[in-house]
*Asks:* 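For reference, the structure I am asking about is given below.
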Amino acid sequence: SLAWNTMLTAYAQGGDMLSATILLQKMPHRDLVSSNIIIQAFASNGCLDESTSVFLTMPQKNVITWNTMITVYAQRGDTQKAKILFDRMPQWDILSSNAMIQVLAHAGRITESKIIFESMPETNVATWTCVISANAGVGNLEEMWRLFSLVEQKDIVCWNALVGGLVTAMQTFKAKEALDRMPSWNVVAWNTVMSAYARDGYLTDAKRMFLSMPFRDHLAWCVLLTGYGECGELLNSIQAFNRMPLHDVVSWNVMISVYALNGCLVQAKSIFDRILEHNLSSCTTMMVAFSVNGHVSCAREVFENMPWKDQRSWTALIAVLARNGHMQDAINAFQAMNLEGISPDEITFIAILSGCSHAGKIIGAREHFLLIQSDFGIDPI
RNA sequence: GAUCUCGCUACGGUUGGC
C-alpha cells in the first residue's frame with residue numbers, strides 16, 4: 001500500500017482529484033495514510049465538505065489527520081471549528097499547538113492561545129514567534145519584548161515578528177532600529193518597514209527603501225502601490241503597477257482597491273474582470289466598490305459567484321444590503337451566514353445595527369443587541 | 001519508508017472622530 005499511496009500523492013499534488021478518487025476505489029487496502037492524503041488533496045482543491053466527510057468516516061485517525069483538518073479550517077479563517085477539533089484531539093504535537101495558537105491569536109482570542117502556550121511540554125522557535133506576534137497584535141508590547149528576550153535561537157522569522165509587532169504598534173522608528181540590529185535580512189524584513197513608511201505617509205522613505213533593497217519580491221511592489229494609492233497618488237500607483245515584472249492576484253487586488261478608493265469604479269471593474277483567479281479579497285473589494293455607488297445587485301452577483309465565503313465576505317454582503325436599505329435581505333443574509341456555520345463578529349453586528357438605525361427600527365436593533373450577548377458571547381459595550 | 005510541515009511582511013468587511 002506504500003506504492004499505492006505514493007501514486008495517490010502524485011495525483012493529489014497534481015490537483016487531479018478525479019484520478020485520485022478512482023485510484024482510491026481501486027486500491028486493495030486503503031489505510032490511514034491514504035485517507036490523510038485524500039483529505040489534504042480535497043482541501044487544497046477547495047472541497048472542504050469532501051474532506052470533512054472522509055474525516056468523519058475514518059475508523060482511525062492519527063495526529064497528522066487532526067493537524068490537517070485544523071490547518072484547513074485555520075486557512076479558511078474558521079477559528080471555531082479549528083478549536084473544536086483541537087479540543088477533541090487525543091494528543092497534540094508541536095505543530096498542532098502552534099497552528100492553534102496562531103489561529104486563536106489571529107482571531108484576537110489571546111487568552112485561549114496563552115493557555116495552550118503555557119501547557120505545552122515542548123516548544124520551538126515557531127511557537128515563540130506565534131506568541132510574540134499575538135501579543136503585539138493586542139498591544140502588549142512589554143510582554144512582546146519579554147518573550148523576545150527569552151527566545152534562545154532567534155532566527156530571521158522571529159526577528160521579523162518583532163519588527164512587525166513594532167510596526168503594528170505604530171512605533172515605526174523603533175521598528176527601523178530593530179531592523180538595523182538584525183543579524184541578517186530578507187525581503188519580509190524590508191517589506192515590513194517599508195509598509196510602515198508608506199502607511200505613515202513617508203513615501204520618500206518607502207521609495208528609498210524599495211530602491212535600496214538588494215532583492216525585491218512582488219510584495220515589495222504591492223506595498224509601494226498601496227502606499228501611493230492611499231496617499232491619493234493614483235498616477236504613481238498605476239505607473240508602478242505597469243513597471244512590475246509580473247502581476248499576481250495580490251497586485252491586481254491592490255489596483256482594484258486603489259481605483260475604487262479614488263472613485264474609478266469602471267476601471268476597478270475592468271481589472272476585476274481581467275483577473276483569472278479571483279480570491280476572496282478580490283471579490284470582497286469589488287463588492288464594496290459597487291456598494292458605495294449603490295449597485296446592490298452587482299455586488300450581490302459578485303458574492304453569489306464566489307467559490308466559498310468567509311466571515312469578511314459575509315459581513316461585506318450584510319453591510320452592502322443594510323447600507324442600501326435592504327434590511328430584510330440583510331437579516332436573511334445574517335441567518336444564512338449562521339446556517340453555513342460562519343460565525344459573526346463585532347463588525348458584523350455593527351453592520352446590522354447601523355442598518356437598523358438607518359431604517360429607524362429601534363426594536364429590531366434591540367433584538368440584535370440582545371442576541372449579541374446571549375448567542376454569540378460578544379460584549380456589545 | 002509514504003501523508004499534515006505549523007511562525008514573520010501585502011490587498012478585502014462595520015461605525016464614528018479630526
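Each chain gets a letter, A, B and so on, in the order the sequences are listed, and its residues count up from 1.
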*Asks:* I'd like to know if A/N160 reaches the base of B/G7 with its side chain such that a donor and an acceptor end up less than 3.5 angstrom apart.
*Replies:*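 By the distance-only test, no, there is no pair.
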*Asks:* Give the rounded distance in Å between these two atoms: CG of A/N191 and C1' of B/C8.
*Replies:*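 In whole Å, B/C8 C1' lies 11 Å from A/N191 CG.
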*Asks:* Take atom CZ of A/F42 and atom C1' of B/C4, then tell me their distance rounded to the nearest Å.
*Replies:*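 So the two atoms are 17 Å apart, to the nearest Å.
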*Asks:* Can a salt bridge be assigned to the pair A/R109 and A/E112 using a cut-off of 4.0 Å between side-chain N and carboxylate O?
*Replies:*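 Yes, this pair counts.
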*Asks:* Ignoring hydrogens and angles, does a donor from either the side chain of A/D310 or the base of B/G13 sit under 3.5 Å from an acceptor on the other?
*Replies:*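 No pair found.
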*Asks:* For the pair made of CE in A/M58 and P in B/U3, what is the distance, rounded to whole Å?
*Replies:*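 The answer, rounded to whole Å, is 15 Å.
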*Asks:* In whole Å, I'd like the distance from the CG atom of A/N324 to the C1' atom of B/G13.
*Replies:*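 Rounded to whole Å, this separation is 15 Å.
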*Asks:* So, applying side-chain contact (heavy atoms from CB on, under 4.5 Å) with A/T65, which one of A/Q60, A/M89, A/M58 is it?
*Replies:*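 With A/T65 as partner, A/Q60, A/M89, A/M58 yield a single side-chain contact (heavy atoms from CB on, under 4.5 Å), made by A/M58.
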*Asks:* Where the side chain of A/T9 meets the backbone of A/N5, is there a donor-acceptor pair that is under 3.5 Å apart?
*Replies:*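 Present.
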*Asks:* What does A/I37 touch in the nucleic acid at a heavy-atom separation under 4.0 angstrom: a base, only the sugar-phosphate, or nothing?
*Replies:*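 Here A/I37 touches the backbone only, sparing every base.
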*Asks:* For the side chain of A/N67, counting heavy atoms from C-beta on, which of B/U9, B/G13, B/C4 is nearest?
*Replies:*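 Between B/U9, B/G13, B/C4, the one nearest the side chain of A/N67 would be B/C4.
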*Asks:* Rounded to whole Å, please give me the gap between CG in A/N135 and P in B/C8.
*Replies:*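 Going from CG in A/N135 over to P in B/C8 covers 14 Å.
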*Asks:* Output the single nucleotide from B/A2, B/C4, B/U9 whose closest atom is nearest the side chain of A/T6.
*Replies:*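 Shortest atom-to-atom distance from the side chain points to B/A2.
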*Asks:* Ignoring hydrogens and angles, tell me if any N or O in the side chain of A/R216 forms a donor-acceptor pair with the backbone of A/F210 under 3.5 Å.
*Replies:*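 Confirmed, A/R216 side chain pairs with A/F210 backbone.
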*Asks:* Is there a donor and acceptor pair, one atom on the side chain of A/N5 and one on the base of B/G1, closer than 3.5 Å?
*Replies:*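 Flag unset: no donor-acceptor pair detected.
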*Asks:* Return the value, rounded to whole Å, for the distance between atom CZ of A/F349 and atom C1' of B/G13.
*Replies:*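 Spelled out: CZ on A/F349 to C1' on B/G13 is 15 Å.
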*Asks:* Under a 4.0 Å threshold between the charged nitrogen and the carboxylate oxygen, would A/R300 count as salt-bridged to A/E304?
*Replies:*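 So A/E304 pairs with A/R300 through a salt bridge.
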*Asks:* Touch check for A/T285, heavy atoms < 4.0 angstrom, all strands: base, sugar-phosphate only, or nothing?
*Replies:*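 Sugar-phosphate: the residue A/T285, judged by heavy atoms under 4.0 Å, touches backbone atoms but no base.
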*Asks:* When we call it a touch if two heavy atoms are under 4.0 Å apart, what does A/V254 touch: a base, just sugar-phosphate, or nothing?
*Replies:*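 It contacts sugar-phosphate atoms only.
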*Asks:* Which listed nucleotide (B/U3, B/A10, B/C6) is nearest to the side chain of A/A126?
*Replies:*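 Nearest listed nucleotide: B/C6.
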*Asks:* Measure from the side-chain heavy atoms of A/D155 and tell me the nearest of B/G7, B/U3, B/G13.
*Replies:*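 Among the listed nucleotides, the one closest to the side chain of A/D155 is B/G7.
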*Asks:* Using only side-chain N and O atoms of A/R323, determine if any of them is under 4.0 Å from OP1 or OP2 of B/U15.
*Replies:*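 So the side chain of A/R323 is within the cut-off, an N or O lying under 4.0 Å from OP1 or OP2 of B/U15.
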*Asks:* Treating A/N338 as the side-chain partner and A/F334 as the backbone partner, does any N or O pair qualify as donor plus acceptor under 3.5 Å?
*Replies:*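 Yes; at least one donor-acceptor contact below 3.5 Å.
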*Asks:* Counting only side-chain heavy atoms from C-beta out, which of B/U3, B/G7, B/C4 sits nearest to A/C158?
*Replies:*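 The closest nucleotide is B/G7.
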*Asks:* Compare the minimum distances between each of B/C8, B/U3, B/G13 and the side chain of A/A161, then state the nucleotide with the smallest one.
*Replies:*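 Selected nucleotide: B/C8.
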*Asks:* Looking at A/Q311, I'd like to know whether one of its side-chain N or O atoms comes within less than 4.0 Å of OP1 or OP2 on B/G12.
*Replies:*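 So the side-chain polar atoms of A/Q311 never come under 4.0 Å of the phosphate oxygens OP1 or OP2 of B/G12.
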*Asks:* Is there a continuous path of hydrophobic side-chain contacts, each under 4.5 Å between heavy atoms, that joins A/W92 to A/L95?
*Replies:*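 No, A/W92 and A/L95 fall in different hydrophobic clusters.
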*Asks:* In whole angstroms, how far is the P atom of B/C11 from the CZ atom of A/F241?
*Replies:*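 Spelled out: CZ on A/F241 to P on B/C11 is 16 Å.
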*Asks:* Heavy atoms from C-beta onward define the side chain here; which of B/C11, B/U9, B/C4 lies closest to that of A/T68?
*Replies:*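 For A/T68, the side-chain atoms sit closest to B/C4.
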*Asks:* What nucleotide among B/C4, B/C11, B/G13 has an atom nearest to a side-chain atom of A/V288?
*Replies:*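 Of the candidates, B/G13 comes closest.
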*Asks:* How would you label the contact of A/V125 with the nucleic acid (heavy atoms, under 4.0 Å): base, sugar-phosphate, or nothing?
*Replies:*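 Base, at least one base atom sits under 4.0 Å.
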*Asks:* Taking atom P of B/G7 as reference, at what distance in whole Å does atom NE2 of A/H106 sit?
*Replies:*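 Those two atoms, NE2 and P, are 11 Å apart.
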*Asks:* With hydrogens left out and only the distance checked, is there a donor-acceptor pair under 3.5 Å joining A/T129's side chain and the base of B/G7?
*Replies:*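 Present.
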*Asks:* Nearest to the side chain of A/N62, which nucleotide is it out of B/U3, B/C6, B/C8?
*Replies:*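 Nearest listed nucleotide: B/U3.
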*Asks:* Of the nucleotides B/A2, B/G13, B/A10, which one has an atom closest to the side chain of A/C222?
*Replies:*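 My answer, after comparing the listed nucleotides, is B/A10.
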